[in-house]
Amino acid sequence: MSAKEVPGDKYDSVVDLAKRRGFFWPSYEIYGGVAGFYDLGPLGTALKINIVNLWREYFVLKHQDIVTEIETPVIAPEVVLRASGHLDHFTDPIIECLNCGRKYRADHLIEENTGLKVEGYGVEELDRIVKERGLRCPQCGGLLGDVRTFNLLFKTTIGPYSSDVGYLRPEAAQGIFSAFRRVFISMREKLPLGIAQIGRVARNEISPRQGMVRLREFTIMEVEFFHDPEGDDPPWDRFSGKLRVLPAELRQRGGEKPIEIDVIEAIEEGVIKNRWLGYWMCVARDFVRELGIDYGDMFFEEKMPYERAHYSAQTFDQLVRVSRWGWIEVSGHAYRTDYDLRKHMEFSGEDMKVFKPFKEPKVVEVEKVVVDKAVLGRVLGPSLTSFLEVLKNVSVDDVKKALESSGETIAISGFRIPRSAVRIMKELEKVSGTKIVPHVAEPSFGAERLVLVVLDKAYSEEENRVVLKIPKKIAPVKVAIFPLLEREELVRVARKIYADLTALRLTVLYDESGSIGRRYARADEIGVPYAVTVDYQTLTDSTVTIRDRDTRQQIRVSVRDLYEKLLELLDLKLRVS
RNA sequence: GCGGCGGUCGUCUAGCCUGGUCUAGGACGCCGGCCUUCCACGCCGGAGAUCCCGGGUUCGAAUCCCGGCCGCCGCACCA
């Protein structure tokens, strides 16, 4: 039985089904709705939970030796996002040309056209300058609109004081970086260490579109995988093989077709710049495949440097083909290097370095920064303490660099101190290891997008009936129980089976209304993989039929074996290979 | 954010141009009853619509006008 190819309006059918049967719909509909927010209904919630758990299976449970999971708050104090760079990269004063619609950074526009330094100016001040100077659009000479801020972070206040600014996190990562030391210690201080987090994040998108694809608030599933770039190889025996990849260099030359390349080869040839990034892409490939997406409908597109986030040295988006919008991003794979930990070290003053033992201890000549506190005390006075605190996190190289500049005084981390108060000393030391800042490879998924992708992929129409061919493992309802007819003797048996299967923790649907055909159709429409029917034969020999959603074939099993048989069919039976 | 198109029971839709006959019609779905021994059967009954929201024009607005919200498409934007 071949599924009819559903044409271009398939997405509409999916959305329609989602609303009718309770997968998802726009939030706050009774008030007209708000763009970028969606509710998950009963079935959507169940489906999402199953998808999330499958993700957990791939990224956490199959990697329990190297990945652990934590949970951190949705709200972050300002300093965290200042440290991470999100405040700088997410809050821009923007001005738009009223004539041609081009958008500019207001501060850059002013600096380039007037020579004024306006860094740190507020919106009103920038707006005033633009108006006073009569600045026009540099492209078309058109009139400019008002200066506005352009901020993708949702802002709030923590506690009763408006000065305590907080933001809804735009990614789960910053909570992980902030907690890195604690987790590292509780995981007995070993690298590599993956820290996973599943949670809600919010991004105040300018104009969210594409329904469930681009949300202002969604569930992110990510792993920050901390490792030594020179450390051991990933466990290639678990996940490896070919990836479909479209490298940036190829895109630059107009290439649109991904190449197929073995992950290890891709790393050796420098196509993928970090081994763990490549490894997690393999895991992502297999995870998404188990959601029902074929290899051919999925590939990894490398982002151009200007497309990347500020923290990323290389990014691949995992794209999946859906009916209405073509290729959409379901996951991002970023090589964040040691950027985030370094930034948090700098802002918090905490040492996030990790001790990396040498194979054998060695005696080396080390350089140390030595300061003359007597001299400094006279110059800096009470701020000496804070200077010494800051100095702990300044590298020897940075001090050297400062010493290279000319003048009586030198600048270190914003402090001006006499050159004579600082010198570099060399001494011999026995060292058994070194301290490194771990590097991070980050796979990151949007859960709601996956819900949409699964439904879009699973939706099919056969003989005017809708069948949702959701992979059995993630189907929100696993089994439907029907009495063939609404007769007391059949109903009694069917209800008993329903109660038994429910007690065994299967998600079960019981339905006795309408004809048997209608009930099969209703179950097909929400993707129930198996339907168990109690008929008159059941009353004589205690057997029931199990009907397969996709083939409509029925098999007959005894009620006693039903549970085991269903587990087997649903591929839920656990075993070691 | 700009431009185009659109918004009527849960869903799809009739009605809008040409204002009143609309207490807004139908189909599907849903609920109840009858019937029925396996794939949306049939019959009977029922519930279900702020006609997206607000304002205006008019004796009278689902219908005409304005503003807003939401959606789709294009542009712009997009960690």
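Within every chain, numbering begins at 1; the chains are lettered A, B, ... in the order of the sequence lines, protein sequences first and strands thereafter.
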N/O to N/O distances under 3.5 Å, protein versus nucleotides 73-75 of chain B:
| from | atom 1 | to | atom 2 | distance (Å) |
| --- | --- | --- | --- | --- |
| B:C73 | OP1 | A:Trp325 | NE1 | 2.9 |
| B:C73 | N4 | A:Arg209 | NH2 | 3.1 |
| B:G74 | O6 | A:Arg209 | NH2 | 2.6 |
| B:C75 | N4 | A:Arg209 | NH2 | 3.4 |

When you compare the protein's N or O atoms with those of nucleotides 33-38 of chain B, which come within less than 3.5 Å of each other, and at what distance?
| from | atom 1 | to | atom 2 | distance (Å) |
| --- | --- | --- | --- | --- |
| B:C38 | O2 | A:Tyr520 | OH | 2.6 |
| B:C38 | O2 | A:Gln554 | NE2 | 2.9 |
| B:C38 | N3 | A:Tyr520 | OH | 3.4 |
| B:C38 | N3 | A:Gln554 | NE2 | 3.1 |
| B:C38 | N4 | A:Asp535 | OD2 | 2.9 |
| B:C38 | N4 | A:Thr545 | OG1 | 3.2 |

Any protein N or O atoms within reach of nucleotides 42-50 of chain B? Criterion: under 3.5 Å, listing atom names and distances.
| from | atom 1 | to | atom 2 | distance (Å) |
| --- | --- | --- | --- | --- |
| B:U50 | O4 | A:Ile30 | O | 3.3 |

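Checked against ring-ring contact (aromatic ring centres under 6.0 Å, His included), A:Tyr563 has no partners two or more places apart in sequence or in another chain. Under the salt bridge (charged side-chain N to carboxylate O under 4.0 Å, His left out) criterion, A:Asp317 pairs with A:Lys303, not counting sequence neighbours. Here A:Asp548 pairs with A:Tyr530, A:Asp550, A:Thr551 under the side chain to side chain contact (heavy atoms under 4.5 Å, CB included) rule; sequence neighbours left out. Every residue meeting the ring-ring contact (aromatic ring centres under 6.0 Å, His included) condition with A:Phe226, not counting sequence neighbours, appears here in chain and number order: A:Phe177, A:Phe180. The side chain to side chain contact (heavy atoms under 4.5 Å, CB included) search around A:Lys155 returns A:Val165, A:Tyr167, not counting sequence neighbours. Residues that satisfy the ring-ring contact (aromatic ring centres under 6.0 Å, His included) test with A:Phe23, not counting sequence neighbours, are absent from this structure. Residues passing the ring-ring contact (aromatic ring centres under 6.0 Å, His included) test with A:Phe154, sequence neighbours excluded: none.
When Watson-Crick and G-U wobble pairs are counted only if both distances are under 3.5 Å, B:C28 pairs with B:G10.
Each salt bridge (Lys or Arg N to Asp or Glu O under 4.0 Å) pair with one or both residues in residues 74-84 of chain A, not counting sequence neighbours, appears once here: A:Glu78-A:Arg82. Each salt bridge (Lys or Arg N to Asp or Glu O under 4.0 Å) pair with one or both residues in residues 22-47 of chain A, not counting sequence neighbours, would appear here, but there are none.
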